[in-house]
Structure formats: C-alpha cells, structure tokens
Protein chains: 2
Amino acid sequence: MTEKATPSPEAIKAWARLMRVSRQLVESTEDALKKGGLPPLAWYDVLHELAEAGEGGLRPFQLIERTLFAQYNISRLLARLEADGLVEKLPVADDGRGQTIRISTKGRETRRRMWAVYGRSIEELVGAKLSTDELNTVSALLGRLRHPPADD
Amino acid sequence: MTEKATPSPEAIKAWARLMRVSRQLVESTEDALKKGGLPPLAWYDVLHELAEAGEGGLRPFQLIERTLFAQYNISRLLARLEADGLVEKLPVADDGRGQTIRISTKGRETRRRMWAVYGRSIEELVGAKLSTDELNTVSALLGRLRHPPADD
DNA sequence: CGATTATTGATGCAGTTGCATCTATGTAGA
DNA sequence: TCTACATAGATGCAACTGCATCAATAATCG
C-alpha cells in the first residue's frame, strides 16, 4: 500500500558514490589508454572475451550476452576491429545468417599492450586503495546489486 | 624497483563488478526515464545542482566542478536546457565573459518529475538490495576510491 | 511443402560526444 | 598604457550512440 517515494539517504549516498567513482575510474583509464596511443576500453572488453574464447571464437550474439553492449554497438565495434585487423569474421557452417569472430595475432598483441595500461590503472586506482578484505567486501556487496545477483 | 605488472585477482574482480553494476544501473534508470517520457540522467545532475544553488544560480564553470562533465558538454547541455525552458542564462555583472545559470520553475517541475522515477530506481536497484549498514559500508569503501578520497 | 514467425546481423538517420580551436573578456607585467 | 597571457564559454568537424528498420536465413506449424 505504502509507496516508497524516496530512497533512504544511505541508498542515495551509495548510489551517488557508485556513479561518481565509476565515471572517474573509466575516465582515468580512458585517458591513460589514449596517452599510450591505445584503443578505448570497449575494445578491450571485446578482445578479452574473444581471447578467452580461443580459436573457436564467438558469435556476435554471444558477445552481446557476455558484455553489456547493444546489438548495433557490437556490430559496429566488430567492423572497426576487423578494419584494424584485430579480429577475423568467419562464416558459420550450420547457420548462414551468422559469423564467428576470432581474435587475430595482432588482436592478441593489442590486447596485451592494452592490459599493460589497463591493469596498471586497476592497480593504482583500486588495488592500492583497499585491502584484500575490503576488495572482497566491495565485490560481494556489488555482486548483490548485479542483475542477476552474484553470491560469490 | 618492482613494477607491479598485474593487479591482484581481488582488485580485478572489484573493478569488474563496479564497471558492470554501474553500467547496469545507469541503463536501467535511463530506460525508466525514457519510458516516462523524461530527459536523460545528465539533465537531472545539472538540474539538481542548480536547484540546490537556489536563486543565485551557478556559473557554468561551477557546474563543471560539481559534476563530471567536460566543458563543451556543459556548454551544449545548458543550451539544450535553455531551449527547453528549464534554465535561464543571465549575464554576470562583474565578468563580461560569464553567465549565471538559474533553474526555472519549469526546470524545478521537470526535476521533480524526474526524481519520482530516478528515486524509485535508486530504491529498487540499491536501497532494497542492501541493509543500511551495508549501504554505509559500500559508501565508505567507494569513498576511498574517489578522487579526492572522501572519509565520511 | 508453404506460409508465418523468430533470429542474426547490418545500416540510415538524427542526436551526442570528444577534440581542437576560436572569440571575448579579464589579469598581470614591462 | 600596451602587450602577453589566462580564463569563460561556444563551436566546426569527425566519430560514436541510440533508435528504428531492413535483409537474409532459420525454425515452426498447419
């Protein structure tokens, strides 16, 4: 019956911190990548998924499931990655509509160089700021905000 | 001497959770606003700052300090807000370069209607998921990731 | 089979962002 | 004062995003 019109001050504060911090971290990292003449974070996300998938590659719709990119976004991002020679698009034997995306050697190399910067950013901006226990606490609590919630 | 090449698994996980959760929350909220025929979150941020500033208004550069928007972003956002009649641009007496931005009545009304949706989003996505203690823990830990760090 | 519906991925268009630069005004220093 | 430099804000252009829709293939069902 009672509609909660406004969240608690604690919820608002947590939300505000989350928004501000995540934007700052992204911005810092994007700056660092740019300074290193490297592609934006979005490219890393895709290259990372593809590197984990190995030689079998992934279908674009699988990338959509694994990342938070919209379909049109993946479509165009893959076009750019292909234009840069970082991925290959292969036809799929049993589905004429689809394609399999496989990371190339150059793609792995780019990913490696991005990680040198990205990883440093994570270490400096997060790893160095909180203890292991605190990091685990953050992960656990944020995991409950995820959809679907993660328990680990 | 020793360069830390890669952050700890705990730091990586916390980072990943932070990135994913913040994107999901933003996306959910933007969807809710759109569904209500309301402007995007960025407008809320600015309207909120201007509403808090009261009749005196704020200079654009003060908005840049308070939010995380780039200068050109604020410039154009304010142009859109003005075009929609949500803010007024007033000349500044002692600085011919500048202007003061003041929220209009319609701006306050729009902010109010946005908050009805935004606040509900915060409550559902965050407030309802964690206890007050947990929310405070999240805020405190994220505060330490902020730049500059916040202790409260 | 043949028609309908669903899925995969691409794309035209309008709106937004990022970058670099520009104009205008203010400040400081010789 | 006159010149150099700094600050406030706007803007042209290219790239990117979001939306809607499209074409092509696959799956379903009578």
Side-chain angles (χ1 to χ4, degrees), chain A residues 23-24 26-46 49-50 57-84 86-102, chain B residues 23-24 26-46 49-50 57-84 86-102:
Chain A
R23 273 184 259 177
Q24 280 185 339
V26 167
E27 196 177 331
S28 269
T29 306
E30 294 281 16
D31 285 352
L33 287 169
K34 248 172 258 178
K35 216 159 76 175
L38 292 163
L41 269 180
W43 289 36
Y44 185 87
D45 290 351
V46 169
E49 293 297 336
L50 290 174
L58 286 177
R59 301 282 298 268
F61 72 86
Q62 294 178 300
L63 282 169
I64 293 168
E65 291 164 6
R66 284 168 172 70
T67 64
L68 294 178
F69 295 110
Q71 183 270 321
Y72 56 80
N73 220 327
I74 282 289
S75 176
R76 283 165 165 145
L77 185 39
L78 290 176
R80 281 173 235 146
L81 289 170
E82 189 190 26
D84 263 44
L86 305 185
V87 306
E88 293 166 310
K89 295 186 175 182
L90 309 167
V92 177
D94 58 340
D95 188 341
R97 295 167 301 184
Q99 46 188 314
T100 294
I101 310 296
R102 194 168 60 193
Chain B
R23 273 184 259 178
Q24 280 186 339
V26 168
E27 196 176 331
S28 270
T29 306
E30 294 282 16
D31 285 352
L33 287 169
K34 248 171 259 178
K35 216 159 75 176
L38 292 164
L41 269 179
W43 290 36
Y44 185 87
D45 291 350
V46 170
E49 293 298 335
L50 291 174
L58 285 177
R59 302 281 298 268
F61 72 85
Q62 293 178 300
L63 281 169
I64 293 168
E65 290 163 5
R66 285 168 171 69
T67 64
L68 294 178
F69 295 110
Q71 184 270 320
Y72 56 80
N73 220 328
I74 282 289
S75 176
R76 292 200 253 236
L77 185 40
L78 290 176
R80 281 173 234 146
L81 289 170
E82 189 189 26
D84 263 44
L86 305 184
V87 306
E88 294 166 310
K89 293 186 174 182
L90 310 167
V92 176
D94 58 339
D95 188 341
R97 295 167 301 182
Q99 47 189 314
T100 294
I101 310 296
R102 194 168 60 193

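Note that these values count all heavy atoms, side chains included, but never hydrogens, waters or copies made by symmetry. By convention in this document, chain letters (A, B, ...) are assigned in the order of the sequence lines, proteins followed by strands, and residues within each chain are numbered from 1.
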Exercise. Look at the side chain of B:Arg76 against the base of C:dG18 and say whether a donor-acceptor pair falls under 3.5 Å; ignore hydrogens and angles.
Key: yes

Exercise. Check the distance between C:dA20's C1' and B:Asn73's CG and give it to me in whole angstrom.
Key: 15 Å

Self-check item: Atom-pair distance (CG on B:Asp95; P on D:dA8), nearest Å
Solution: 8 Å

Self-check item: A:Lys89 vs C:dG9: side-chain N/O to OP1/OP2 distance below 4.0 Å
Solution: no

Quiz item: Are A:Arg97 and D:dA27 close enough that a side-chain N or O sits under 4.0 Å from OP1 or OP2?
Solution: no

Practice problem: Whole angstrom is fine here: how far is it from CG in B:Leu77 over to C1' in D:dT11? | Solution: 16 Å

Quiz item: Short question: side chain of A:Gln99, backbone of A:Pro60 - any donor-acceptor pair under 3.5 Å?
Solution: no

Quiz item: CD1 of A:Ile74 versus P of C:dT11: gap in Å, rounded?
Solution: 16 Å

Exercise. Can you see which heavy atom on B:Arg59 is nearest to which on B:Gly98, and at what distance?
Key: NH2-CA, 3.3 Å

Practice problem: State whether A:Arg80 places a side-chain N or O below 4.0 Å from either non-bridging phosphate oxygen (OP1 or OP2) of D:dA15. | Solution: no

Self-check item: A:Arg97: side chain to side chain donor-acceptor pair (under 3.5 Å) partners, not counting sequence neighbours
Solution: A:Asp95

Practice problem: Please name the pair of heavy atoms, one in A:Ile64 and one in A:Gln71, separated by the smallest distance, quoted to 0.1 Å. | Solution: CD1-CA, 3.6 Å

Self-check item: Whole-Å gap separating P (C:dA20) and OH (B:Tyr72)
Solution: 10 Å

Exercise. Could you state the atom-to-atom distance from NZ of B:Lys34 to C1' of D:dA20 in whole Å?
Key: 13 Å

Practice problem: Could you check whether A:Gln71 gets within reach of a base, just the sugar-phosphate, or nothing at all, counting any heavy atom under 4.0 Å? | Solution: base

